[in-house]
K.L.:
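Quick one: this structure, given as structure tokens, is what I'll be asking you about.
Small disclaimer: the values here were computed from a predicted structure and weren't measured.
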Amino acid sequence: MKQLSLILLLMIGLTSCWPKAFMNPIDNSMPEEWKKFYITPLELNAATAPSNYPANLSEAMRSGIQNNTRLKLASTLEDAQIKISGIISGYNTSPIAIQQGDLAAKNRLTVSVNFTILTPTKGLEKMEFTSSRFADYESSEQLVDVETRLLESINQQVVQDVVNKLLSNW
């Protein structure tokens with residue numbers, strides 16, 4: 001009986017001292033005062049990008065941030081503590097894996113987005129960074145035929161960059 005009481009006291013002591021970081025690994029490094037975010041519709045400054053791409057990337061970011069952080073989507077800019085805006089500055093295809101006869105075995109679609117994140121945290125009121133991501137496709141395929149699949153892959157990478165920026169260095 002005495003050993004059972006000792007084990008019970010030891011377990012209570014260990015659980016009360018257990019670091020919260022292990023219990024909630026998703027967003028333990030984000031400041032507590034951050035509750036809601038707002039994404040201003042992304043601007044398109046790349047002539048070759050599809051006209052609906054900013055809307056698709058914005059929606060992917062909204063879903064990705066809500067699913068990977070504790071932040072909730074604010075209905076207005078004024079309700080948000082975190083304000084995210086961005087400009088799609090690059091949308092290029094280029095040949096890679098050049099073979100004999102100057103023929104490319106693969107092509108690469110690269111998308112670059114310049115982000116600005118405004119936070120209420122002193123010292124880090126404004127964060128600016130560029131996310132440049134790519135996806136490769138066979139040269140025998142037309143970009144039009146694989147563009148949707150490539151952009152889904154690139155969007156996931158860009159969203160992960162934004163989530164990592166929100167969760168790091170706090």
Side-chain angles (χ1 to χ4, degrees), residues 14-46 48-94 96 106-137 143 145-170:
L14 285 175
T15 56
S16 65
C17 296
W18 191 259
K20 291 182 178 182
F22 293 120
M23 300 172 114
N24 190 7
I26 291 176
D27 57 4
N28 58 4
S29 62
M30 189 181 297
E32 289 295 321
E33 66 267 16
W34 294 7
K35 307 282 185 213
K36 293 182 178 180
F37 73 98
Y38 186 85
I39 298 176
T40 305
L42 298 175
E43 295 178 37
L44 181 58
N45 200 14
T48 55
S51 60
N52 64 347
Y53 184 58
N56 292 342
L57 181 56
S58 296
E59 190 56 39
M61 289 177 50
R62 287 182 188 102
S63 296
I65 292 171
Q66 288 185 97
N67 292 335
N68 295 300
T69 69
R70 63 176 163 70
L71 295 175
K72 304 290 181 208
L73 182 63
S75 56
T76 64
L77 184 64
E78 293 77 27
D79 291 341
Q81 291 83 40
I82 309 300
K83 299 165 178 123
I84 302 170
S85 61
I87 299 171
I88 299 168
S89 58
Y91 191 94
N92 305 312
T93 58
S94 58
I96 60 170
K106 290 190 172 209
N107 290 321
R108 175 170 289 172
L109 174 63
T110 304
V111 174
S112 298
V113 185
N114 301 327
F115 286 104
T116 301
I117 300 175
L118 301 177
T119 74
T121 305
K122 288 190 176 187
L124 289 171
E125 291 89 0
K126 185 176 184 179
M127 296 184 287
E128 294 178 310
F129 70 99
T130 300
S131 175
S132 185
R133 295 298 178 164
F134 63 87
D136 297 336
Y137 61 100
L143 178 60
D145 298 332
V146 296
E147 193 170 33
T148 302
R149 176 177 49 89
L150 298 175
L151 289 177
E152 286 176 11
S153 172
I154 290 171
N155 286 352
Q156 288 176 351
Q157 297 172 51
V158 170
V159 168
Q160 190 61 51
D161 285 346
V162 173
V163 168
N164 289 346
K165 190 70 172 177
L166 290 172
L167 294 177
S168 64
N169 300 324
W170 304 110

K.L.:
Between atom OG1 of Thr110 and atom CG of Asp136, what is the distance when rounded to the nearest 0.5 Å?
P.N.:
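Output value for this atom pair is 8.0 Å.
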K.L.:
Using 0.5 Å steps for rounding, measure from the CZ atom of Phe134 to the OG atom of Ser153.
P.N.:
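It is 9.5 Å, given to the nearest 0.5 Å.
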K.L.:
For Glu147, check side-chain hydrogen bond (donor to acceptor under 3.5 Å, both in side chains) against everything at least two apart and list the hits.
P.N.:
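side-chain hydrogen bond (donor to acceptor under 3.5 Å, both in side chains) check on Glu147 returns Tyr91.
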K.L.:
For Glu43, what residues pass the side-chain contact (heavy atoms from CB on, under 4.5 Å) criterion, not counting sequence neighbours?
P.N.:
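Glu43 satisfies side-chain contact (heavy atoms from CB on, under 4.5 Å) with Ile87 only.
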K.L.:
Kindly compute the distance separating OH (Tyr137) from CG (Leu143), expressed to the nearest 0.5 Å.
P.N.:
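Rounded to the nearest 0.5 Å, the OH-CG separation comes out at 4.5 Å.
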K.L.:
Quick test of your reading: applying salt bridge (charged side-chain N to carboxylate O under 4.0 Å, His left out), list the pairs with at least one residue in residues 71-81, sequence neighbours left out, ordered by first then second residue.
P.N.:
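Listed once each, the pairs would be none.
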K.L.:
Will you find, in the side chains of Asn45 and Ser89, an N or O donor that is under 3.5 Å from an N or O acceptor?
P.N.:
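No - no donor-acceptor pair under 3.5 Å links their side chains.
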K.L.:
For Phe115, does the six-membered ring have the charged nitrogen or CZ of Lys165 within the cation-pi criterion, i.e. under 6.0 angstrom from the centroid and within 45° of the normal?
P.N.:
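Here Lys165 fails the 6.0 Å and 45° test against Phe115.
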K.L.:
Please list, chain by chain and in numerical order, all residues satisfying side-chain contact (heavy atoms from CB on, under 4.5 Å) with Gln156, sequence neighbours excluded.
P.N.:
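Residues passing side-chain contact (heavy atoms from CB on, under 4.5 Å) with Gln156: none at all.
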K.L.:
Go through the structure and list residues passing salt bridge (Lys or Arg N to Asp or Glu O under 4.0 Å) with Lys106, not counting sequence neighbours.
P.N.:
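By the salt bridge (Lys or Arg N to Asp or Glu O under 4.0 Å) rule, Lys106 matches Glu138.
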K.L.:
Does the side chain of Gln160 come under 3.5 Å of the side chain of Asn164 through a donor N or O and an acceptor N or O?
P.N.:
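Short answer, yes.
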K.L.:
Under the side-chain hydrogen bond (donor to acceptor under 3.5 Å, both in side chains) rule, collect the residues that match up with Gln66, sequence neighbours excluded.
P.N.:
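So Gln66 forms no side-chain hydrogen bond (donor to acceptor under 3.5 Å, both in side chains) with any residue.
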K.L.:
Report the distance from atom CG of Asn155 to atom CG of Leu150, rounding to the nearest 0.5 Å.
P.N.:
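One gets 10.5 Å once the value is rounded to the nearest 0.5 Å.
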K.L.:
For Asp145, check side-chain contact (heavy atoms from CB on, under 4.5 Å) against everything at least two apart and list the hits.
P.N.:
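With neighbours one apart ignored, the set is Gln142.
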K.L.:
Between Arg70 and Met30 (side chain of the first, backbone of the second, donor and acceptor by atom type, cut-off under 3.5 Å), is there such a pair?
P.N.:
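Checking the backbone N and O of Met30 against the side chain of Arg70, a donor-acceptor pair under 3.5 Å is found.
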K.L.:
For residues 51-69, which residue pairs pass the salt bridge (charged side-chain N to carboxylate O under 4.0 Å, His left out) check, not counting sequence neighbours?
P.N.:
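Checked against salt bridge (charged side-chain N to carboxylate O under 4.0 Å, His left out) - neighbours excluded - the pairs reaching residues 51-69 are Glu59-Arg62.
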K.L.:
Dump the intermediate steps for side chain to side chain contact (heavy atoms under 4.5 Å, CB included) on Tyr53 and Val111, then the final yes or no.
P.N.:
CA-CA 11 Å; Tyr53 184 58; Val111 174; 3.7 Å; yes
K.L.:
Look up atom CG in Asn92 and atom CG in Asn107, then write down how far apart they are to the nearest 0.5 Å.
P.N.:
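The distance works out to 12.5 Å.
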K.L.:
Any idea which heavy atoms bring Leu151 and Pro50 closest together, and the distance?
P.N.:
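Between these two residues, the closest heavy atoms are CD1-CG, 4.3 Å.
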K.L.:
So do Leu109 and Val146 actually touch side chain to side chain, heavy atoms under 4.5 Å?
P.N.:
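Heavy-atom side-chain distance check fails, nothing below 4.5 Å.
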K.L.:
For a side-chain contact (heavy atoms from CB on, under 4.5 Å) with Met61, tell me which candidate from Val163, Val159, Val113, Asn56 qualifies.
P.N.:
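Output: one option passes, namely Val159.
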K.L.:
What heavy-atom pair brings Ile84 and Leu166 nearest, and what distance separates the two atoms?
P.N.:
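Between these two residues, the closest heavy atoms are CD1-CD1, 4.4 Å.
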K.L.:
Name all residues meeting the salt bridge (Lys or Arg N to Asp or Glu O under 4.0 Å) criterion together with Glu128; count only those two or more places apart in sequence or in a different chain, and write none if there are none.
P.N.:
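Scan of Glu128 (salt bridge (Lys or Arg N to Asp or Glu O under 4.0 Å), adjacent residues dropped) gives Lys126.
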K.L.:
Got a sec, which residues hit side-chain contact (heavy atoms from CB on, under 4.5 Å) with Glu125, two or more places apart in sequence or on another chain?
P.N.:
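Listed in chain order: Lys122.
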K.L.:
For Thr40, what residues pass the side-chain hydrogen bond (donor to acceptor under 3.5 Å, both in side chains) criterion, not counting sequence neighbours?
P.N.:
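Applying side-chain hydrogen bond (donor to acceptor under 3.5 Å, both in side chains) to Thr40 gives none.
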K.L.:
Could you tell me which non-hydrogen atom of Gln81 sits nearest to which non-hydrogen atom of Pro120, and how far apart they are?
P.N.:
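In terms of heavy atoms, the two residues are closest at O-CD, 3.2 Å.
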K.L.:
In Å and rounded to the nearest 0.5 Å, what is the CG to NZ distance from Leu73 to Lys36?
P.N.:
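The NZ atom of Lys36 is 9.0 Å from CG of Leu73, to the nearest 0.5 Å.
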K.L.:
Which heavy atom of Ser51 sits nearest to which heavy atom of Leu44, and what is that distance?
P.N.:
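Heavy-atom minimum between the residues: CA-CD2, 4.2 Å.
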K.L.:
What do the steps show when you test Ile65 against Leu71 for side chain to side chain contact (heavy atoms under 4.5 Å, CB included), and what is the final call?
P.N.:
CA-CA 7 Å; Ile65 292 171; Leu71 295 175; 4.2 Å; yes
K.L.:
Considering residues at least two apart in sequence or located in another chain, which fulfil the side-chain hydrogen bond (donor to acceptor under 3.5 Å, both in side chains) criterion with Ser58?
P.N.:
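For Ser58 there are no side-chain hydrogen bond (donor to acceptor under 3.5 Å, both in side chains) partners, ignoring immediate neighbours.
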